[in-house]
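Structure record follows, encoded as C-alpha cells.
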Amino acid sequence: MTSAPPPVLELSADQARRIALRAQGLLGAPDRRGGVRGVLRHLGAVQLDTISVLARSHELVPYARLGAVGRRTVEEAYWSGGRSFEYWSHAACILPVEEWPHFAFRRRAYRSRPHWNHPLPDGAYDTVIKQLETEGPLTATELGGAKNGGEWWDWSASKVAVERALMYGEVVCTERRGWKRVYDLAERAIPGTFLHDDLDDTECRRRLVALAGRSLGIGTRSDIADYHRLRAEEFDAVVADSGLVPVSVRGWAKPAWADPAALATEPRGRHRTTLLSPFDSLVWERARTERIFAFTHRLEAYVPRLKRVHGYFAMPLLAGGRLQGRVDPAREGTTLVARQVSLDGRKSVVPMAEALVEAASWVGCTAVRLEKVEAPELREPLMAEIARALA
C-alpha cells in the first residue's frame, strides 16, 4: 500500500463532514439553474436500481438536492438531447456524456476478457449490430426477446449480444423505457467530440480519481477509489497527478485527499432536510457513512424479511447536516405509509415530519400514515407534526 505524501492541512471531523455535504450538493442553496443535468454533472454519476418504492433511485437523487422537481422533468433531463449515457461506474449509473472518453480503459478491459458467463452463438453479435444499424434504437425485446424463458439470468442470444456490445462500447444505452434499456449504436448516440478511446488507461483513471475527489470533496483512498469502482492500486498509481491534495482529518484513522476547490472557502449555507435514497452517493459507501456521520447504513431489500432491522428500503433522514433517522416507506393509493421509523431522539421529530410530508406531496400522496415507530414515546409527537405539516 502506497503511503500518502505529508499532509498539508489538518481538518476537524466537522469540517470534513461539511465539505462532503457541500460537494454532494446538500449544503447551501440548490443550483436550480443547472437543474437535474447540473446535479448529474456535479455528482459525476447517478446510480440506477430496479427498486421503486416512492420513486426509483435515480429520481430520488435530484429530488434530495433540488426539492420537488417534476418526475417527467427528471427523466427528460437524463435521457433527452444526448447529454448522458448509461455505463458501469460505481454500479450501473447514468453518466454525463462528456465522460465517455474516460471509460475507455473499462471498455478495453471488457473487450479483452477471456470468457463470459453467457455463451453466444456464432453470428448473434453481428446480427444485433446490423439490426440496430437498420432499425434505429431498440429494446432487447424488440431485438428478438430478452429471455429464453428460464430464470432471471437466462438471457436470449440477442440480449447477451447487445449487453456485450454495450460493455465493449459499440452500443450505448440511451434511455430507459418502462425500465427496459433502449440500445443504439455509439456512433449515432455519442457526439463525435467524445466518441473516441484515445486516452490511455492511466489518463482515464487519473480523470476518474479527480472527478471522484471533486464529487466527494474529501475522502480516503478507499472512498475515492470506490466512487467509480477503481482498485486501490489504480488509485495509488494516479493520485499524485490527479490534482487532489493530501490532508488529515482528526478522528480518521487513514490518510485522506481533498479537492482544492473544496478547501478554498469555508463550507457554509442552508442544510437540506430530505429523505435519501439508499443508493445516494452521499451514503453508498458504508464505511465512509459511518466515519462521517456515525450512522450505520445498510440496504436490506436483499435481506430475508425476518432478518431486517430497519426495513426493505430504509431511507436515511438528512437534517441539519446529520443523518438523524430513517424510514421504510411504501405507497398505498394516495397515502404514503411509513412502515417503520427510527429517530435520533425528539430533535428529529420535526425534520422527519417535514421530510415525509414533502416526499408525499412529490409523489402525489395527500396523506401520511405511520405504522411502527421504534421509540413509542415519539409516535404521538411525530403524528402531531405530520398533521401540522399536512395542514
Side-chain angles (χ1 to χ4, degrees), residues 4-34 37-47 61-62 64-66 89-90 93 95-96 98-99 102 205-230 235-236 238-272 274 276 280-285 287-295 318 320-323:
V8 296
L9 181 66
E10 183 181 68
L11 302 169
S12 70
D14 193 59
Q15 285 176 306
R17 177 182 57 82
R18 295 200 307 274
I19 287 171
L21 286 165
R22 185 175 63 183
Q24 282 283 298
L26 291 162
L27 174 61
D31 182 9
R32 300 189 188 281
R33 293 171 299 176
R37 289 177 182 142
V39 170
L40 176 59
R41 287 193 301 271
H42 191 78
L43 298 179
V46 172
Q47 186 172 341
V61 169
R65 289 151 179 84
L66 301 174
S89 167
H90 184 81
C93 289
L95 302 163
E98 57 266 28
E99 302 310 329
H102 305 112
R205 291 167 183 147
R206 184 187 301 119
R207 168 66 173 174
L208 293 185
V209 165
L211 283 175
R214 185 193 70 188
S215 299
L216 291 171
I218 188 169
T220 65
R221 176 191 195 225
S222 60
D223 295 343
I224 297 170
D226 183 69
Y227 203 85
H228 291 293
R229 293 285 201 246
L230 299 177
F235 171 88
D236 293 340
V238 301
V239 66
D241 298 320
S242 69
L244 303 182
V245 297
V247 297
S248 66
V249 180
R250 291 193 291 276
W252 288 23
K254 296 179 180 180
W257 286 260
D259 175 20
L263 301 174
T265 58
E266 187 70 19
R268 300 182 184 277
R270 183 179 179 181
H271 289 288
R272 180 98 171 95
T274 190
L276 297 172
D280 194 292
S281 50
L282 181 70
V283 296
W284 66 21
E285 214 278 312
R288 174 180 171 84
T289 303
E290 292 190 19
R291 187 187 330 117
I292 294 179
F293 297 104
F295 185 91
L318 178 68
R322 311 276 181 178
L323 298 179

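Below, all heavy atoms of this structure are taken into account, side chains as well, without hydrogens, waters or symmetry copies. In this chain, residues are counted from 1 in sequence order.
Gly44 and Pro96 get closest at one heavy-atom pair: O-CD, 3.3 Å. Here the closest heavy-atom approach between residue Leu27 and residue Pro267 is recorded as CD2-O, 3.7 Å. The shortest non-hydrogen separation linking Gly219 to Ile224 is O-CD1, 3.6 Å. Between Arg17 and Phe293, the shortest heavy-atom contact is CG-CE2, 3.9 Å. The nearest pair of heavy atoms linking Ser12 to Val249 is O-CG1, 3.8 Å. Considering every non-hydrogen atom in both Ala64 and Leu26, the closest pair reads O-CD2, 3.6 Å.
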* To do: Evaluate the criterion side-chain contact (heavy atoms from CB on, under 4.5 Å) for residue pair Arg65 and Gln24; output intermediate values, then yes/no.
  => CA-CA 9 Å; Arg65 289 151 179 84; Gln24 282 283 298; 3.2 Å; yes

* Check the pair Glu266, Arg18 against side-chain contact (heavy atoms from CB on, under 4.5 Å), reporting the backbone distance first and the verdict last. => CA-CA 9 Å; Glu266 187 70 19; Arg18 295 200 307 274; 2.5 Å; yes

* Asked: Checking side-chain contact (heavy atoms from CB on, under 4.5 Å) for the pair Arg221/Asp236: CA distance, chi angles, key distance, verdict?
  -> CA-CA 8 Å; Arg221 176 191 195 225; Asp236 293 340; 2.4 Å; yes

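No donor-acceptor distance shorter than 3.5 angstrom exists from the side chain of Thr289 to the backbone of Phe295, with no hydrogens or angles considered. Checked by atom type and distance alone, the side chain of Arg22 never pairs as donor or acceptor with a backbone atom of Gly28 at under 3.5 Å. A donor-acceptor pair under 3.5 Å is absent between the side-chain atoms of Arg272 and the main chain of Leu318, judged by distance alone. No side-chain donor-acceptor contact under 3.5 Å links His102 to the backbone of Arg206. Without hydrogens or angle criteria, Ser242 side chain to Val239 main chain gives a donor-acceptor distance under 3.5 Å. Distance alone, capped at 3.5 Å, is enough to place a donor-acceptor pair between the His90 side chain and the Asp226 backbone.
Note that the CD atom of Glu285 and the OG atom of Ser222 stand 5.5 Å from one another [nearest 0.5 Å]. For the atom pair Lys254 NZ and Thr220 OG1, the distance stands at 6.5 Å (nearest 0.5 Å). The CZ atom of Arg41 sits 7.0 Å away from atom CD of Glu98, with the distance rounded to the nearest 0.5 Å. Once rounded to the nearest 0.5 Å, the distance linking CD1 of Ile218 with CH2 of Trp252 reads 5.0 Å. Atom CG of residue Leu216 and atom CG of residue Leu211 lie 10.5 Å apart, to the nearest 0.5 angstrom. One distance of note links CG of Leu208 with CG of Leu230; it measures 5.5 Å at 0.5 Å rounding.
The only member of Gln47, Arg229, His228 that meets side-chain contact (heavy atoms from CB on, under 4.5 Å) when paired with Ser89 is His228. Under the side-chain contact (heavy atoms from CB on, under 4.5 Å) test applied with Arg214, the options Leu43, Leu244, Asp259, Val209 reduce to a single match, Asp259.
Side-chain contact between Leu276 and Trp284: absent, with no pair of heavy atoms (C-beta onward) separated by less than 4.5 Å. Under the 4.5 Å side-chain criterion, counting only non-hydrogen atoms from C-beta, Leu21 is in contact with Leu282.
Ring geometry, Trp257 versus Phe235: the interplanar angle exceeds 60°, so the pair is classed perpendicular (tilted spans 30 to 60°).
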